[in-house]
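Below you'll find the structure, written out as structure tokens, and then a few comments.
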There are 2 protein chains.
Amino acid sequence: MTETAPRTQPRRSDTTRAAILRAARERFAADGYERATIRAIAADAKIDPSMVMRYYGSKEGLFAAAAEFDLRLPDLTAVPAGQLGETLVRHFLTRWEGDETLVALLRAASTNPGAAERMRGIFADQLTAAVATFGTDPATTARRAGLVASQILGLAFTRYIVRLPPMVDLAPEELVSWIAPTLQRYLTGRVEN
Amino acid sequence: MTETAPRTQPRRSDTTRAAILRAARERFAADGYERATIRAIAADAKIDPSMVMRYYGSKEGLFAAAAEFDLRLPDLTAVPAGQLGETLVRHFLTRWEGDETLVALLRAASTNPGAAERMRGIFADQLTAAVATFGTDPATTARRAGLVASQILGLAFTRYIVRLPPMVDLAPEELVSWIAPTLQRYLTGRVEN
DNA sequence: GTCTATAATTCGATAGAC
DNA sequence: GTCTATCGAATTATAGAC
């Protein structure tokens, strides 16, 4: 009975796996890596804790699967040179207002070395690659991407983790108009020194 | 034998308490709140774990004592208006390059509600108060302070927690020249919208 | 595939001798 | 003030029945 034909009905286990990942992302985002327990995640997903181990091997394995993240950066070569900063801030705000995976990653990166490593990879690879697409001096690409990451992650940290009142209260478009010029300068400004 | 005269010799307990706080700051900074155990802190301080409980009551109490933090912001009224951003970045960099308390607070704030509350207090009180000293519209003071905090904490997060290579490699004065204009605009730029 | 039962640690906190 | 001994709770992870 080894069925090789494509399957039309999803396996039960597929929906179970999806429910686990959903609950895991929620818990990791809300509580961080240590406080988010497999038991609590399983309870949220209405399944037995041992199923989590069966499907994902360990807590680390579960986190690795739940924290898969693609920034989905737009093609910056199609953006007018003067609107790069604005485009990026708006993209990030909409990207993570509706997806708590980045918040989960952000919280976990503070205490979990694996999560920090993944965060480094995401920004070093995806963001640096996007910055490299338009004509800046290759020697400064990594530095510019790092500076952009510092403001973008600082925005996320103060708005979603620490929840500084002024940063929580600002409307998305107000944040865009304040922060876009910062990114614009990091991306296209002249190198100092 | 209730001695009320001022004491010239410090109590033994004073040096013990200081050793505990030192070790606690190190562990909280390196591991975050959950992973830093009372047992490990006591071992670092070369004392018995029960002494930590005796002196600080609980792990929360120990953290509260270890994470006492003063930004020691300079008097901004004595700074030329055009050098506010530069002064602030340089101050923060030197302030926390030699004191791991802020890193401890930063890591703990991600998962510990009490630490997040303390971080809110520090930036809402100390930084907002400093921003209020020079003549900006009081209606925008909190917002400007929040934006400054977002870039300052983003710098700390990427440099000391996530350790993004480009942010780690930049020399302090290079960071100053890149980030100072950002803070300068948040502090003195016109309100958009 | 799903669950029960439990092993093996580890932690914060307490009681009490000295 | 300092230490030993330990409690009680919580965790990840495993073994195995159904």
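Order of the sequence lines sets the chain letters (A, B, ...), proteins ahead of strands, with each chain counted from 1.
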Sorted by chain and number, sequence neighbours left out, side-chain hydrogen bond (donor to acceptor under 3.5 Å, both in side chains) with A:Asp125 holds for none

Of all residues at least two apart in sequence or in a different chain, which pass the side-chain hydrogen bond (donor to acceptor under 3.5 Å, both in side chains) check with A:Ser50?
A:Asp48

Report all side-chain donor-acceptor pairs from residues 160-171 of chain A shorter than 3.5 Å, counting only partners two or more places apart or in another chain.
unit_1, atom_1, unit_2, atom_2, d
A:Tyr160, OH, A:Trp96, NE1, 2.9
A:Tyr160, OH, A:Glu97, OE2, 2.5

Nucleotide by nucleotide, 5' to 3', does protein get under 4.0 Å of the base (B), only the sugar-phosphate (S), or neither (-) in nucleotides 4-18 of chain C, counting heavy atoms?
B------BBSB----

What's the OH-C1' distance between A:Tyr56 and D:dA13, to the nearest Å?
18 Å

Gap between atoms CD1 and P, on B:Ile47 and D:dG1 respectively (whole Å)
13 Å

Pairs flagged by ring pair (Phe, Tyr, Trp, His ring centres under 6.0 Å) wherever residues 62-85 of chain A is involved - sequence neighbours left out:
A:Phe28-A:Phe63, A:Tyr33-A:Phe63

What is the distance, to the nearest angstrom, from the CD1 atom on B:Ile20 to the C1' atom on D:dT2?
12 Å

Are there more than 12 heavy atoms of other residues, nucleotides or ligands under 6.0 Å from atom CZ of A:Arg120?
yes

Can you tell me the distance, in whole Å, between the CZ atom of A:Arg54 and the P atom of D:dT14?
13 Å

How would you list all residue pairs meeting salt bridge (charged side-chain N to carboxylate O under 4.0 Å, His left out) that involve residues 61-87 of chain A, not counting sequence neighbours?
A:Glu86-A:Arg90

Roughly how many Å is it from NZ in A:Lys46 to P in C:dC3, rounded to a whole number?
13 Å

